[in-house]
Structures are given as structure tokens and as C-alpha cells.
There are 2 protein chains.
Amino acid sequence: MTEQRRTLGALLRLPHDALQREIYGSLAARGFPEIRPAHSAVFRHIGLHGSRLTTLAERAGMTKQSMAYLVDGLAAAGHVTSTPDPDDGRARIVRLTPKGERVLAELLALSAEAEARVAARIGDRRAARLRRYLEQWVAALEAG
Amino acid sequence: MTEQRRTLGALLRLPHDALQREIYGSLAARGFPEIRPAHSAVFRHIGLHGSRLTTLAERAGMTKQSMAYLVDGLAAAGHVTSTPDPDDGRARIVRLTPKGERVLAELLALSAEAEARVAARIGDRRAARLRRYLEQWVAALEAG
DNA sequence: TATTGCTCGACAGAGAGACTGACGATCTGT
DNA sequence: ACAGATCGTCAGTCTCTCTGTCGAGCAATA
């Protein structure tokens with residue numbers, strides 16, 4: 001059983017990858033096989049009434065070009081629309097379609113279900129603490 | 001301050017990415033800019049006396065071709081060698097060079113340093129619990 | 001021993017997802 | 001009115017992963 005010590009990086013990556021497989025596997029089974037993990041950058045950051053491409057890119061921490069690539073894919077599959085901004089001739093507003101909103105809802109639900117399964121495996125208390133510590137870590141990161 | 005609830009996936013991904021940036025940034029600063037995160041799949045799984053390509057691929061959960069791509073890069077930069085297996089004419093044994101061993105040592109050291117910084121930010125006790133809960137999660141994953 | 005089937009690693013090709021650089025169109029502040 | 005900043009796009013590149021195919025070598029058996 002000589003448990004070799006894993007790096008913290010690996011301890012984050014392994015559960016993350018498992019979570020991702022679960023969630024996007026279920027999403028595919030529920031009728032959205034075209035949604036890939038990278039698309040979550042759009043769903044996570046898009047506003048209720050739409051957002052600019054540049055805003056999305058900024059929030060997701062990626063280039064406009066990369067975000068455009070993701071948005072194009074989602075637009076082709078009918079999950080978002082991209083319409084001209086009436087207030088700015090250069091800009092376009094990306095909005096979720098009803099189909100896209102269903103996907104977002106599914107993603108949030110699947111995420112919650114996955115978290116509940118984790119709680120079932122390691123215990124409610126521990127799962128709650130795990131979340132809290134991660135939140136604190138993230139807060140520290142964001143503080144600088 | 002309307003803290004919106006993040007998914008557990010995001011709470012794993014954000015610290016993971018930050019950790020990765022820290023570690024590979026420092027590694028570059030210490031003279032190994034050619035080592036990229038994907039290469040850790042090799043360093044993490046290679047045995048003390050070398051391993052077969054197929055074994056590495058299996059352990060890393062990727063195809064032989066993908067592992068060969070990573071190994072080729074490391075071999076070109078002098079971090080590993082790939083020599084014929086005397087016991088099996090088909091196989092080749094991938095081994096760390098002294099340079100590769102230095103990289104492995106740096107990676108482990110940088111990982112430990114990063115973990116210590118986390119402990120400094122969220123507290124020793126919490127960091128220890130965080131690691132323990134993640135280990136339990138991973139153990140549960142491996143159990144099936 | 002000869003054959004049959006499996007395994008090892010390589011070759012070729014593809015695709016996702018990120019990047020940089022350059023650019024025309026448009027907005028904004030002076 | 002103009003200079004400079006910003007919006008999104010076009011074109012090209014790179015990393016990292018995948019599939020499919022294949023020749024060479026190993027192992028078990030008829």
C-alpha cells in the first residue's frame with residue numbers, strides 16, 4: 001500500500017478531470033454531445049442579457065480570438081446568438097438562446113449533483129469544508 | 001460583494017491553474033523553459049530505472065502516440081533517453097538523464113514550496129485538511 | 001517448427017483549443 | 001476634426017490529444 005505522496009497539483013487535477021468527465025458525459029447523454037468543456041468558459045461568464053465578446057474573453061482570461069472560436073461553435077449549434085450592439089457599431093452582443101439556457105441549467109444541475117456525490121463519498125462535513133477551503137484559496141488568489 | 005456560488009469544478013480549476021503557472025514559471029526562471037505542464041505526465045510516472053513507453057502511456061491514461069510525442073520532446077531537449085530493451089526487441093526503455101532528474105527534483109521542490117505558500121495563506125490546519133480531503137476523494141475515485 | 005495472434009512502437013493525418021500579429025471599422029476625448 | 005484607443009475578424013502558428021494503420025518482434029500452440 002506504499003501510498004506515495006501526490007503533489008497538490010495532482011490532487012486537484014485528478015478530481016477535476018473526473019468531475020469533468022462525469023458532467024460532460026451526462027450532458028452528452030442528455031442530448032448535448034456538442035458541448036465540450038472549453039465551452040464552459042462561455043456559459044460561466046455570459047450575462048443574463050448577453051455580453052460582448054471582448055467582455056467574455058476578459059472574464060475568461062483568454063484572447064478575443066480564442067473566445068470567438070468558442071462562441072462560433074456554440075452559435076453554429078444554436079446555443080448562442082451574436083447580434084450587433086445598437087450602442088456601438090463595432091461590437092456584437094452574445095446572448096444565450098433558450099437552448100443555451102437549458103444547457104446552462106443542466107450544467108449547474110449536473111455540477112450540484114456531482115458535488116452531492118462527493119459529499120456522499122467523503123462525508124457532508126468534509127465536503128463542506130473542502131469547498132470552504134477552496135473558496136478561501138481562490139479568494140486569496142484574487143486578492144493578489 | 002454578492003459572492004456568486006462557484007461550481008466545485010471551478011474551485012478545483014482556478015487553484016490548479018494558478019499552481020501550474022507558479023510552478024512552470026519558476027521552473028522556466030530556473031533554467032528549464034522548455035518544460036511544459038504536459039511533460040509532467042512523463043516525470044510523474046517514469047520509474048527510477050526507466051519505463052517502457054507503453055507503460056508510461058498506460059499510467060498517464062493516454063495513448064502511446066501522445067506519450068511518444070511528449071517523450072520525443074523531452075528526448076530532444078536531453079531530459080530523457082530512449083534505448084532498446086535488451087529483453088524485448090520491440091520495446092524501448094525511457095530513462096531520465098541527470099538533467100531530467102534535476103528537473104524532477106525541481107518540480108517536486110516547487111510543488112512543496114507552493115503547498116507551503118497555500119498553508120501560509122489559508123492556515124496550516126486547513127491546508128492539511130484540504131490535502132486530506134482531496135486524497136480521500138481521489139482514493140474514492142480509484143476504488144471505483 | 002511453423003503458424004497464428006498479440007503487443008510494441010512508429011508513421012500519417014486530424015482536430016480542439018489556445019496563441020500572436022495585422023487590420024478595417026468605429027468610438028471617444030481633445 | 002482628428003488622433004488614438006477599442007471591437008471583432010482574418011490569417012497563421014503551436015501544443016497536445018486523438019484515430020487508424022502498419023511492420024517488427026514475441027509467445028503459445030498445432
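A, B, ... follow the sequence lines: proteins, then strands. Residue 1 opens every chain.
Between C/dA10, C/dA18, D/dC7, one nucleotide has an atom nearer to the side chain of B/L53 than all others, and that is C/dA10.
Protein atom CG of B/D72 is 7 Å distant from nucleotide atom P of C/dA10, rounded to whole Å.
Checked for salt-bridge contact, B/D85 and B/R92 miss the test: no charged N lies under 4.0 Å from a carboxylate O.
Counting distance only, with no hydrogens placed and no angle test, the side-chain atoms of B/Q65 and the base atoms of D/dG20 include a donor-acceptor pair under 3.5 Å.
Using a 4.0 Å heavy-atom criterion, one finds that B/D88 contacts the sugar-phosphate atoms exclusively.
If you find the closest nucleotide of DNA chain C to A/R90 and to A/H39, the one lying nearer the 5' end belongs to A/H39. Place A/Y69 and A/D87 on DNA chain C by their nearest nucleotides, and A/Y69 ends up nearer the 5' end.
Between B/R92 and the phosphate of C/dC8, there is no side-chain N or O to OP1/OP2 separation shorter than 4.0 Å. For C/dG17, neither phosphate oxygen OP1 nor OP2 lies less than 4.0 angstrom from any side-chain nitrogen or oxygen of A/S66. Proximity of B/T63 to the phosphate of D/dC18: a side-chain N or O atom is located under 4.0 Å from OP1 or OP2.
Around CZ of B/R126, the count of heavy atoms belonging to other residues, nucleotides or ligands within 6.0 Å does not exceed 12. Environment of CD in B/E135: crowded, with over 12 heavy atoms of neighbouring residues, nucleotides or ligands closer than 6.0 Å.
For residues 13-24 of chain B, every residue pair satisfying the side chain to side chain donor-acceptor pair (under 3.5 Å) rule, not counting sequence neighbours, is listed here: B/E22-B/R117.
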